[in-house]
Amino acid sequence: MRLFMLPPTAAAVALLLWSLLVHLTTETPAGVPKGHGEPLGNHRDSDGHVDILTTLPSPQEFWDKYVSKRRPVLFSGAARSSPGMQLWTDEYMLETFGDLKVRIEGKHQKEGKYPEGEKGIAQDTLRNVLQTYRTRDVYVVSQIPDPLTEQVAVLPFLTCGTFKNHILESNLWLGGHGTQSQIHKDADNAINCLFSGTKTWIMISQDYEHLLPDVVSSGGYSARATIDPDSVDLIKYPKFSEVPYTHVDMKPGDCLFIPASHWHQVNSHGSKNLAVSIMMSRLKEVDLSECDAVDLDFKPLSEMNMVFTYDGYSEQTMGDMDPFELRERIVELCSAIKELSFSAVYHEFFHKEDEDNEVINNAIDTEMAKGKSSKQQDLHQNKQIFAILDTNGDNFLSCDEEVLPKLSIETLKKLANIISYDPSNSEEYEFSRMGTEVIRILIEHVINKLSNDKAPKMTKEQFLLRYRAVGGSRPVGSQLYDMMDPSQQGYITRDMVLSKMEDVISLYDNGLHPHHTQNMPWQADIEIPGSLINEVGTKQQWKAQKIRDDL
């Protein structure tokens, strides 16, 4: 076989043209910032991997070098002492923990929606997750159920002194390939231990928070930046090019310390990605004197005095405010004001930006105290605080008599749960998100449909079609249908719906829904009745957006 050969001069010209073509296709076009339109981390080179330790530090070293300096660090292989790392196969977890309830999200936080589970929107059983997570858009982001904590080992330096008394909660993370977070920061210190799969992290110091675009507070010290981690728009956000970062490559068995308020973005890889995190208080100082006299070793999480725990069946307290920090805020407030009004408490914990507005304060102390406000969720929560502390019912709190003497850890936990309440922690989320207006529109639509002589009856599947069309789940929709068909006739009529209409609507009247109905996920795989879309779209001024749902 003869090979085609170019003359030397022609070959040189061809090589030059090829080199120019490669240069033109790999260089950033003039005027376009490096990394524009590319995944996070391409805007500049990393400042390096975070510190990697192969031996665990003492409690004092951990505080001096990392916690007090808000410096992340990777503990290589530290999670291998957790029995769960070896035990938690899908088969084992399915058989041992399958009936436990967990909170779920979609794989991509930026989509801002919660998938449907066996217990409703955002609520599922571990059984259903384990059977579907490889093919479904679902990611467990949940407080860890108590039965699992026996098989999670706490790192030795956390088992003594101040550290052991300030472990707030532990969370479970489980999903398939492709889970991704936004750039965000958490209120508390965390240690994330990886049992399966790999994770890559972008870590950004809080010192550069001023360069992050579109920062949205999640309440308290938590926040997120809405920049797209898959395609960073550096033309719209040119200052982001200046943001330095470090990176982390986690493998199974590694544990990562993430300091409170340290910004980060996470991508999870592998057919199964499973991790456990332990959250700790934002500590300003520590007393570790007892640690020198203790033989430190790994300790089961179940034996730690964790502040917030979850039995696996009831409502979670994931993300609740640190009660120790809450005590400090209340004491500080009482040092300035000896008697707290309804508005003073309201502004301290819900809308501090309005505290100097005399008109708003007067409205809060009068009309809002009676329940007349567009901010019903915050008002409802403020009333719950007063229900606990206001012993004489005068809508004022005496710091010396009613507040300070009551600040036990249990009372503080109750108050923290009120202030930080997240409906997605319970099966009530679906009711709070939809609200009375949407369910009333749906019921009225069903009544109108059944008033037609051609269709005087509606089956469960026909009702579920409509309920899911407005963002509801099959489990809760079935619950509503059964309320309207108590005799299990297999159909509902106009009269049957009318007789139960107010009972159904009352389930959604909890005062929380105004904050949780902004991005209702319309089911793309369901044939939505056009008239129902028009009703909801007109009355609520929402666009019936069809967001793909992989259920």
Side-chain angles (χ1 to χ4, degrees), residues 35 39-82 85 153-158 163 171 173 179-212 221-225 227 229 232 240-270 273-283 286:
L40 182 69
N42 288 335
H43 64 289
R44 60 181 290 162
D45 292 336
S46 169
D47 286 354
H49 198 284
V50 303
D51 290 353
I52 302 175
L53 300 183
T54 55
T55 58
L56 295 177
S58 69
Q60 194 65 52
E61 288 172 330
F62 180 54
W63 169 255
D64 291 340
K65 294 182 179 180
Y66 299 104
V67 182
S68 66
K69 291 182 169 55
R70 295 188 177 182
R71 182 179 178 180
V73 58
L74 184 75
F75 305 114
S76 179
R80 297 191 180 280
S81 293
S82 286
M85 186 169 176
V154 178
L155 303 187
F157 53 76
L158 297 181
F163 290 139
N171 300 323
W173 311 78
T179 57
Q180 178 189 64
S181 77
Q182 290 183 297
I183 305 174
H184 65 286
K185 65 174 182 177
D186 299 314
D188 306 309
N189 292 303
I191 291 182
N192 186 292
C193 293
L194 187 61
F195 286 12
S196 300
T198 61
K199 290 183 185 289
T200 54
W201 301 64
I202 298 289
M203 311 291 289
I204 300 171
S205 168
Q206 60 271 25
D207 295 340
Y208 302 100
E209 182 173 320
H210 64 287
L211 297 175
L212 299 180
Y221 295 103
S222 300
R224 57 187 172 87
I227 192 169
V232 180
F240 192 79
S241 296
E242 305 171 27
V243 177
Y245 68 93
T246 55
H247 69 277
V248 182
D249 296 319
M250 284 186 80
K251 62 183 184 300
D254 290 343
C255 292
L256 175 66
F257 168 62
I258 308 110
S261 295
H262 200 96
W263 290 85
H264 53 282
Q265 190 272 328
V266 195
N267 290 290
S268 300
H269 314 282
N273 202 278
L274 174 61
V276 173
S277 60
I278 294 176
M279 313 301 290
M280 302 177 296
S281 295
R282 300 168 60 94
L283 298 169
V286 293

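All values below come from the heavy atoms of this structure, side chains included, with hydrogens, waters and symmetry mates left out.
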[X] side, atom [atom1]; [Y] side, atom [atom2] - distance, nearest 0.5 Å:
X	Y	atom1	atom2	result
Ile183	Leu212	CD1	CG	6.5 Å
Leu194	Leu274	CG	CG	8.0 Å
Ile202	Ser46	CD1	OG	6.5 Å
Thr246	Leu74	OG1	CG	11.0 Å
His49	Trp201	NE2	CH2	11.5 Å
Asp188	Ser222	CG	OG	7.0 Å

- Task: Would you please test Leu155 and Ile191 for side chain to side chain contact (heavy atoms under 4.5 Å, CB included) and show each step?
- Result: CA-CA 9 Å; Leu155 303 187; Ile191 291 182; 4.2 Å; yes
Which pair of heavy atoms, one from [X] and one from [Y], lies closest together, and at what distance?
X	Y	answer
Ala260	Ala187	CB-O, 3.4 Å
Val248	Met203	CG2-CG, 3.8 Å
Ala79	Phe195	CB-CE1, 4.1 Å
Arg70	His262	O-ND1, 3.7 Å
Met279	Asn171	CG-ND2, 3.9 Å
Phe257	Met280	CE1-CE, 4.2 Å

Mind checking whether [X] and [Y] have side chains closer than 4.5 Å, heavy atoms only?
X	Y	result
Glu242	His43	no
Lys251	Ser76	yes
Val50	Leu256	yes
Val276	Asn192	no
Cys193	Asp254	no
Ile258	Asp186	no
Leu53	Val73	yes
Ile278	Val154	yes

Does [X] use its side chain to pair, donor to acceptor, with the backbone of [Y] at less than 3.5 Å?
X	Y	answer
Ser68	Trp63	yes
Ser82	Ala153	yes
Arg80	Met85	no
Ser58	Glu61	yes
Ser205	Asp207	yes

Worksheet item: Using 30° and 60° as the class limits, which term best fits the ring planes of Phe75 and Phe157: parallel, tilted or perpendicular?
Response: tilted
### Task
Carefully, step by step, assess Asp51 and Arg71 under the rule salt bridge (charged side-chain N to carboxylate O under 4.0 Å, His left out).
CA-CA 9 Å; Asp51 290 353; Arg71 182 179 178 180; 2.7 Å; yes
Side chains of [X] and [Y]: do they bring a donor and an acceptor to under 3.5 Å?
X	Y	answer
Ser181	Arg224	no
Lys199	Asn273	yes
Ser277	Trp173	yes
His247	Thr200	no

Phe62 and Val67: CA distance, side-chain angles, deciding distance, side chain to side chain contact (heavy atoms under 4.5 Å, CB included) verdict: CA-CA 6 Å; Phe62 180 54; Val67 182; 3.3 Å; yes
- Message: Do Arg44 and Tyr245 form a cation-pi contact, if we require the NZ or CZ to be under 6.0 Å from the six-membered ring centre and within 45 degrees of the ring's axis?
- Response: no
Open item on the list: Applying salt bridge (charged side-chain N to carboxylate O under 4.0 Å, His left out) to Glu209 and Lys185, what does each step give before you reach the verdict?
Closed with: CA-CA 10 Å; Glu209 182 173 320; Lys185 65 174 182 177; 3.0 Å; yes
Start with the C-alpha gap between Arg282 and Ser261, add the side-chain angles, then the distance that decides, and say whether side chain to side chain contact (heavy atoms under 4.5 Å, CB included) holds. CA-CA 9 Å; Arg282 300 168 60 94; Ser261 295; 2.7 Å; yes
